[in-house]
Structures are given as C-alpha cells and as structure tokens.
Amino acid sequence: LRSVVLDSSGANLFVFDSANFRVRKIDLNTFYVSTIAGSTNGFADGPFMSARFENPLGLDIDFLGNLIIAD
C-alpha cells in the first residue's frame with residue numbers, strides 16, 4: 001500500500017493495491033471494495049482496466065473531484 005486519499009464527501013477511500021498494480025475504491029458506508037483502475041504490471045495510459053502501473057507513487061483528488069494517479 002503506497003497511497004491513500006479520501007474523496008470530498010468522505011464516503012470513498014481510494015488506495016493503491018501495489019502488490020496487484022491496481023487502484024481500489026472502498027465505500028466506507030458499505031465497506032464494498034471495487035477495482036477502478038489497473039490490470040497488470042507495466043506502463044499504459046488509459047481508462048479503468050486498460051491502465052497499467054509499474055511503480056505507483058501517489059494518489060490525489062483535484063478540485064473537480066478527478067482522481068489523479070502518479071506512476
């Protein structure tokens with residue numbers, strides 16, 4: 001686990017699952033965990049499951065609510 005960020009509503013926690021090269025979203029109301037980005041090791045820009053991460057370093061959320069992933 002390398003980075004954690006909470007959305008502006010405080011209802012969703014986003015975390016890097018660095019062992020599996022994926023970004024997970026945890027709904028803090030239900031504790032449901034879903035994968036929102038990533039697939040296998042590597043570098044590939046793209047939406048959702050087509051994105052690939054090699055060495056993810058950080059997560060942030062901008063003022064519009066967009067999740068920013070630094071790899």
Side-chain angles (χ1 to χ4, degrees):
L1 186 66
R2 292 192 181 201
S3 187
V4 176
V5 66
L6 193 61
D7 71 2
S8 62
S9 71
N12 297 297
L13 185 67
F14 297 92
V15 299
F16 264 126
D17 177 357
S18 54
N20 293 299
F21 310 101
R22 289 167 172 79
V23 177
R24 311 283 188 185
K25 179 177 90 170
I26 303 168
D27 181 317
L28 297 177
N29 295 312
T30 64
F31 298 106
Y32 179 77
V33 178
S34 58
T35 301
I36 62 162
S39 55
T40 60
N41 186 12
F43 289 110
D45 290 335
F48 310 109
M49 305 311 272
S50 65
R52 293 175 59 188
F53 305 108
E54 175 70 29
N55 189 23
L57 298 174
L59 295 172
D60 203 357
I61 295 180
D62 69 11
F63 69 96
L64 294 174
N66 298 306
L67 181 65
I68 310 298
I69 302 169
D71 185 24

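Below, each value reflects all heavy atoms present in this structure, side chains not excepted, and no hydrogens, waters or symmetry copies. The first residue in the sequence is number 1, and the count goes up from there.
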Trainee: Got Leu59 and Ile69 here, is their nearest side-chain heavy-atom distance under 4.5 Å?
Mentor: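 SC-SC contact between Leu59 and Ile69 confirmed.
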Trainee: I need the single residue from Ile61, Ile26, Val4 that forms a side chain to side chain contact (heavy atoms under 4.5 Å, CB included) with Phe14. Which is it?
Mentor: Ile61
Trainee: Under 3.5 Å, which donor-acceptor pairs do the side chains of residues 30-37 form with other protein atoms, sequence neighbours left out?
Mentor:
residue	atom	partner	partner atom	Å
Thr30	OG1	Tyr32	N	3.2
Thr35	OG1	Arg24	NH1	2.3

Trainee: When rounded to the nearest 0.5 angstrom, what distance separates CG in Asp7 from CG in Leu13?
Mentor: 9.0 Å
Trainee: From Leu28 CG over to Ser9 OG, what is the distance, rounded to the nearest 0.5 angstrom?
Mentor: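 It is 8.5 Å, given to the nearest 0.5 Å.
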